[in-house]
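Below is one structure, written out as structure tokens, with a few remarks after it.
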Amino acid sequence: MPHPMPSRVREAFEGELRRARTSTDPAGMWSALERAHVLSQPWAWPHTRAHWAMFRLALRHRDRREAVGQVVRLLVAAPGSLTGRAPVGNNGRTAAGLFTPMTVPGDLALLLADRPGAASSRAAG
């Protein structure tokens, strides 16, 4: 059975989703959603929520390529989290490979370090 998202991680995740919703700058919106995505990867429902928010933003900005890529990611997000196959640190954007691991930003790595199975996280140095 999967472990629940720790409260500190959940607070940061929800904060990034909130920052994406309230930002007036598209780059800031995407940055917040990328960070929310990194935080959410180990948990199926939050991971799916991050991709849903990315899909909605892509539609709002009429970015067809990103929207199509997010549809694919919506289909694989939960299974990837449940099987532990989500690529660590991946920012969730279409331009990033679907299975490409990326460096976890240092502040997010600290939040994720306390969770079960955290040894596989790679932090920015």
Side-chain angles (χ1 to χ4, degrees):
M1 175 164 223
H3 296 279
M5 185 181 254
S7 60
R8 288 179 49 212
V9 177
R10 178 161 304 281
E11 288 170 20
F13 170 72
E14 296 294 344
E16 293 295 348
L17 291 179
R18 195 168 31 260
R19 188 166 69 92
R21 283 191 307 271
T22 60
S23 178
T24 57
D25 170 42
M29 293 173 187
W30 281 114
S31 174
L33 291 179
E34 289 170 3
R35 289 174 54 83
H37 179 265
V38 170
L39 289 168
S40 72
Q41 286 179 300
W43 298 278
W45 176 240
H47 190 184
T48 303
R49 283 183 60 207
H51 283 294
W52 178 249
M54 288 180 169
F55 173 71
R56 292 181 62 215
L57 183 57
L59 288 179
R60 230 177 27 233
H61 290 276
R62 293 180 169 78
D63 186 339
R64 180 179 292 180
R65 182 175 182 273
E66 187 70 43
V68 170
Q70 290 305 322
V71 168
V72 172
R73 284 156 178 77
L74 278 163
L75 296 172
V76 300
S81 293
L82 292 171
T83 62
R85 297 188 69 199
V88 174
N90 186 289
N91 68 13
R93 297 289 302 276
T94 297
L98 193 59
F99 300 106
T100 305
M102 300 171 123
T103 302
V104 177
D107 62 324
L108 302 185
L110 289 173
L111 282 170
L112 293 169
D114 294 335
R115 69 174 176 79
S120 63
S121 294
R122 290 186 305 216

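Fair warning: this is a prediction, and the values are worked out from it, not measured in the lab. In what follows, every heavy atom counts, from backbone to side chain, and hydrogens, waters and symmetry copies are set aside.
Cluster partners of Leu110 are absent, since no Ile, Leu, Val, Met, Phe, Trp or Tyr has side-chain heavy atoms less than 4.5 Å from it. As a member of the Ile/Leu/Val/Met/Phe/Trp/Tyr network built from side-chain separations under 4.5 Å, Trp52 groups with Phe55, Leu59, Val71, Leu74.
With sequence neighbours left out, Arg73 forms a salt bridge (Lys or Arg N to Asp or Glu O under 4.0 Å) with no residue at all. The side chain to side chain donor-acceptor pair (under 3.5 Å) check on Gln41 picks up nothing, with sequence neighbours excluded. Every residue two or more places apart in sequence or in another chain that forms a side chain to side chain contact (heavy atoms under 4.5 Å, CB included) with Arg60 is listed here: Met29, Leu57. Legend: residues meeting side chain to side chain donor-acceptor pair (under 3.5 Å) with Glu34, ordered by chain and number and at least two apart, are Arg93. Glu11 meets the salt bridge (Lys or Arg N to Asp or Glu O under 4.0 Å) test with no other residue; sequence neighbours excluded. Legend: residues meeting salt bridge (Lys or Arg N to Asp or Glu O under 4.0 Å) with Arg85, ordered by chain and number and at least two apart, are absent. The side chain to side chain donor-acceptor pair (under 3.5 Å) test applied to Arg8 returns Asp114, not counting sequence neighbours. When the salt bridge (Lys or Arg N to Asp or Glu O under 4.0 Å) test is applied to Arg56, no partner is found at least two apart in sequence or on another chain. In this structure Thr48 satisfies the side chain to side chain donor-acceptor pair (under 3.5 Å) test with no other residue, sequence neighbours excluded.
The distance from atom CZ of Arg35 to atom OG of Ser40, rounded to the nearest 0.5 Å, is 12.5 Å.
Side-chain contact between Pro42 and His3 is absent, with no heavy-atom pair separated by less than 4.5 Å.
Salt bridge status for Glu14 with Arg10: present, with a side-chain N to carboxylate O gap under 4.0 Å.
Side chain of Asn90 to backbone of Gly97: a donor-acceptor contact under 3.5 angstrom is found.
Counting only residues at least two apart or on different chains, the ring-ring contact (aromatic ring centres under 6.0 Å, His included) pairs with a member in residues 18-40 are His37-His47, His37-His51.
Met54 and Val72 are not part of a single hydrophobic cluster, where members link through side-chain heavy atoms under 4.5 Å apart.
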